[in-house]
Amino acid sequence: MIEKVRNIGIIAHIDAGKTTTTERFLYYTGKTYKIGDVDEGTAVMDWMDQEKERGITIQAAVTTCFWKGHKINIIDTPGHVDFTVEVERSLRVLDGAIGIFCGVAGVQPQSETVWRQSEKYNVPKIIYINKMDRVGADFFRVIDDIKKKLGSKALILVLPIGKEDKFIGLIDIIEQKAIFYNSELETEAEIKEVDDDYKEILEKYRIKLIEELAEIDEEIMEKYLNGDNISKELLKKAIRKGTFNCKIFPTFCGSSLKNKGTLLLLDAVCDYLPSPLDRGEIKGINPVTGKKEIRKPLPDEKFSALIFKIYNDIHLGKIFYARIYSGKIKRGDTVLNASRSKREKVLKILEIHANKFSNIGEAIAGDIVGIIGLKDTYTGDTLSQESNPVIFESINFPEPVIYSVIEPKIKGEYQKVYETVKKILEEDPTLRVRIDEETGQIILMGMGELHLEVIAERLKREYKLQLRLGKPEVAYRETISVPCEGVGEFLNTIGDKLNYGYVVLKLEPAEKGEKFKFFNLVNKDKLPLEFVPSIEEGIKECLEVGIYGFPIIDIKVNLIDAKFNPENSTHFGYKVASVIAFKNAYKNGIPIILEPIMRIEILTPEVFLGDVIQDFTTRNGKVTSIEIHGSTGIINGNVPLKKIFGYSTILRSLTQGRGSFIIEPLYYESVSDEEFKKIVGIGIS
């Protein structure tokens, strides 16, 4: 029954407790017989060797469990920004999520990033404040932090009993009961009446809960104003409705490591997060007619699915992770990859449990499964019935900010290394690879030092390749600094065909982060619309490498004039003409080089705060805020990427091994004149 299905993700900052919480879900639902431990490397969901060794999640792991008659498909996502692709593509296919926050640190930068990512896809969420047993944990401070930094209404449904190492239980506001965790297992918790000491705070927050729900539910508002009794069922119904609309976020707390609070969270997933039916119909585009298409999340609807992840398994080969949005798919079916107009054969359908797979005969709307047998399909592609094609919105991925040379130790393995890297690129759309034209070296580009290290390690371990990873370098970009115009005319005979094209382009600097915008300002009477895509295609090719050898970003291109010859104008002619016009214009736009500026969060014991700040400012770092939680200092700021290479070693030295940091791309800004001269002298192309 689709109404009993929950497709949820676990999202949070690194080390907030995502995998630890998921492991409790698996144990208490009977999926596993033993609770996995991240620190001991026994977590089921962190199955990669590197995940076990580093104690972090690298790849989003999928599993399915059952709780109180509900089927819960879970995606446990990474918290490290280098692997943000895993969060992005997971959120694209989920119906709900649990946002986990540290009870000590509150809303950290990556917490905010993944929350914003989920807002982009309008994903309903439950809030879970973890690590309530830690020194410095403060439930109400984190609630304030969520309201202030995220602008989200955290609807408090539980209250903690005790604080820090004396955190012993929870008060369930709706049930008006106290839950005491006196045993190692959460299933053995005692449910009691609320002590007199907590009755006042319970009543205060129960009234607050009702008042907040009255704002979004007329029936509760009416009963509240009339002084009538409001049943638990009515409260839950209103919470569910408000959660679906992302107006409120049911909020819980606990300590997953100590088995406190995760069962209430499981109940909340069933009670408050939507099923595929609740999320409603899915909108797409018919690739043949260009018209809007609707698919309802029902088994008897026309089949449609989105491929959101690809994994190359050593034994099974290429596995395509798919969210089935409508209809059903059976082993042996032929489907259409509507994104690429390719027919595909489904050889196997798999149920996924981390890195374990089992064959199933079919999958229906609402399911998340693995598919084997597809040949010409990639991340973000839509599968559908051949007779009823549809394309859903794809997935956008960030551009890499760092690169490194990857060299085989054995000369004869050059081609093997290159081909294997390309295979991994199919799994990770944030990676790029290219061959340096001058040196012939393989250049691997990614989201950060850790990202490239993990890929290099995978090549060594999984594919038994002997190689070395070069020193990381900044992946610069370039753009123009002033508006400019260029004319492009092409007239040439290729074969027996005369190809003609004439365009005039105006280039303008765009806002930070806009990447590329194209506008056709030419009347269709002057240039038939059918040729415009060819012009845009030519411009996009120019963006790949600018005048200094770097990709071009943050640029607006206007097609302001064109000439049309009914006899000789061709798509190829206009494409080449647009390339000529762009290059003629670009060199007059006073091109500049841009470097990535990173947002950084540094955690350090308070005693080392001064030394860390002093070192940070010498790196051209700008501090935006400093917070103290317990004995831990948190520094937030911005810093050029090139100034932060190798920083983990320096920070460990400054903090006696107790400091840590995390960075993510923020924006690009122009380099200094001195740096510009250095870069132009050495370039990477």
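Keep in mind that the numbers below use all heavy atoms, side chains included, and drop hydrogens, waters and symmetry copies.
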Visitor: What salt bridge (Lys or Arg N to Asp or Glu O under 4.0 Å) pairs are there with at least one residue in residues 541-553, not counting sequence neighbours?
Guide: Glu541-Lys575
Visitor: Checking the side chain of Lys18 only, and the main-chain atoms of His13 only, is there a donor and an acceptor separated by less than 3.5 Å?
Guide: yes
Visitor: Please check this pair: side chain of Glu675 against backbone of Ser672, looking for a donor-acceptor N/O pair closer than 3.5 Å.
Guide: no
Visitor: Side-chain atoms of residues 640-648: list all donor-acceptor pairs with protein atoms under 3.5 Å, sequence neighbours left out, distances to 0.1 Å.
Guide:
residue: Lys642; atom: NZ; partner: Glu595; partner atom: OE1; Å: 2.4
residue: Lys642; atom: NZ; partner: Glu595; partner atom: OE2; Å: 3.2

Visitor: Tyr548 and Phe676: aromatic ring centres closer than 6.0 Å?
Guide: yes
Visitor: Do Lys517 and Phe519 touch side chain to side chain, with heavy atoms closer than 4.5 Å?
Guide: yes
Visitor: The criterion is side chain to side chain contact (heavy atoms under 4.5 Å, CB included); which residues satisfy it with Pro509, sequence neighbours excluded?
Guide: Ile480, Pro483
Visitor: CG of Leu666 to CE of Met598: how many Å apart, nearest 0.5 Å?
Guide: 8.5 Å
Visitor: Between atom CZ of Phe661 and atom CD1 of Ile650, what is the distance when rounded to the nearest 0.5 Å?
Guide: 9.0 Å
Visitor: For the pair Leu465 and Thr420, evaluate side-chain contact (heavy atoms from CB on, under 4.5 Å) and give the outcome as yes or no after the intermediate values.
Guide: CA-CA 9 Å; Leu465 293 170; Thr420 308; 3.8 Å; yes
Visitor: What is the distance from atom SG of Cys542 to atom OH of Tyr586, rounded to the nearest 0.5 Å?
Guide: 10.5 Å
Visitor: If you count heavy atoms of other groups shown closer than 6.0 angstrom to NZ of Lys120, is the number above 12?
Guide: yes
Visitor: Give me the atom names and distance for the closest heavy-atom approach of Asp381 to Asp376.
Guide: OD2-O, 4.2 Å
Visitor: Side-chain contact test, heavy atoms from C-beta onward, threshold under 4.5 Å: evaluate it for Phe392 versus Arg295 and give yes or no.
Guide: yes
Visitor: Got a second to check how far Asp367's CG is from Arg323's CZ, nearest 0.5 Å?
Guide: 9.0 Å
Visitor: With sequence neighbours left out, what residues match Glu393 under salt bridge (Lys or Arg N to Asp or Glu O under 4.0 Å)?
Guide: none
Visitor: After noting the C-alpha distance and the side-chain angles of Val93 and Tyr321, does the key distance pass the side-chain contact (heavy atoms from CB on, under 4.5 Å) rule?
Guide: CA-CA 10 Å; Val93 298; Tyr321 286 52; over 6 Å; no
Visitor: Got a sec, which residues hit side chain to side chain donor-acceptor pair (under 3.5 Å) with Tyr667, two or more places apart in sequence or on another chain?
Guide: none
Visitor: Any idea which heavy atoms bring Cys102 and Ala16 closest together, and the distance?
Guide: N-CB, 4.5 Å
Visitor: Look at the side chain of Ser339 and the backbone N and O of Thr382, then say whether any donor-acceptor pair between them is shorter than 3.5 Å.
Guide: yes
Visitor: Output, in order, the C-alpha distance, side-chain angles, deciding distance and verdict of salt bridge (charged side-chain N to carboxylate O under 4.0 Å, His left out) for Glu426 and Lys422.
Guide: CA-CA 7 Å; Glu426 294 176 349; Lys422 284 187 13 182; over 6 Å; no
Visitor: Given Glu427, which of Lys318, Lys309, Arg458 fulfils the salt bridge (Lys or Arg N to Asp or Glu O under 4.0 Å) condition?
Guide: Arg458
Visitor: So do the side chains of Asn620 and Val639 get within less than 4.5 Å of each other, counting heavy atoms only?
Guide: no
Visitor: Hey, does the side chain of Ser394 reach the backbone of Gly380 with a donor-acceptor pair shorter than 3.5 angstrom?
Guide: yes
Visitor: Working to the nearest 0.5 angstrom, can you tell me the gap between Ile443 CD1 and Glu473 CD?
Guide: 9.0 Å
Visitor: For Phe357 and Tyr311, take the angle between the two ring planes, folded into 0 to 90°, and tell me which bin it lands in: parallel under 30, tilted 30 to 60, perpendicular over 60.
Guide: parallel
Visitor: According to ring pair (Phe, Tyr, Trp, His ring centres under 6.0 Å), who are the partners of Phe320, at least two apart in sequence or on a separate chain?
Guide: none
Visitor: Tell me every residue that passes side chain to side chain donor-acceptor pair (under 3.5 Å) with Thr64, counting only those two or more places apart in sequence or in another chain.
Guide: Asn73
Visitor: Can Leu94 and Phe308 be said to form a side-chain contact (heavy atoms from CB on, under 4.5 Å), step by step?
Guide: CA-CA 11 Å; Leu94 292 170; Phe308 68 94; over 6 Å; no
Visitor: Applying salt bridge (Lys or Arg N to Asp or Glu O under 4.0 Å), name anything that partners Lys342, two or more places apart in sequence or on another chain.
Guide: none
Visitor: Quick one: does Gln466's side chain have a donor or acceptor within less than 3.5 Å of a partner on Lys409's backbone?
Guide: no
Visitor: Who pairs with Ser118 by side chain to side chain donor-acceptor pair (under 3.5 Å), at least two apart in sequence or on another chain?
Guide: Lys125
Visitor: Residues two or more places apart in sequence or in another chain: which of them pass side chain to side chain contact (heavy atoms under 4.5 Å, CB included) with Asn636?
Guide: Pro109, Glu601, Thr624, Ser625, Glu627, Ile634
Visitor: Atom CZ of residue position Arg331 - does it have more than 12 heavy atoms of other residues, nucleotides or ligands inside 6.0 Å?
Guide: no
Visitor: Going through the distances and angles, do Leu350 and Val369 end up as a side-chain contact (heavy atoms from CB on, under 4.5 Å)?
Guide: CA-CA 6 Å; Leu350 308 173; Val369 296; over 6 Å; no
Visitor: Can you list everything that forms a salt bridge (Lys or Arg N to Asp or Glu O under 4.0 Å) with Glu119? Sequence neighbours excluded, please.
Guide: Arg116
Visitor: Check each of Leu431, Thr430, Ile310 against Leu425 using the side-chain contact (heavy atoms from CB on, under 4.5 Å) test, and report the only one that passes.
Guide: Leu431
Visitor: List the residues meeting salt bridge (Lys or Arg N to Asp or Glu O under 4.0 Å) with Glu344, not counting sequence neighbours, and say none if there are none.
Guide: none
Visitor: Between Lys423 and Glu462 (salt bridge meaning N to carboxylate O under 4.0 Å), is one present in this structure?
Guide: no
Visitor: I need the minimum non-hydrogen distance between Ile555 and Ala510, along with the two atoms involved.
Guide: N-CB, 3.6 Å
Visitor: To the nearest 0.5 Å, what is the distance between CG (Leu594) and CZ (Arg477)?
Guide: 9.5 Å
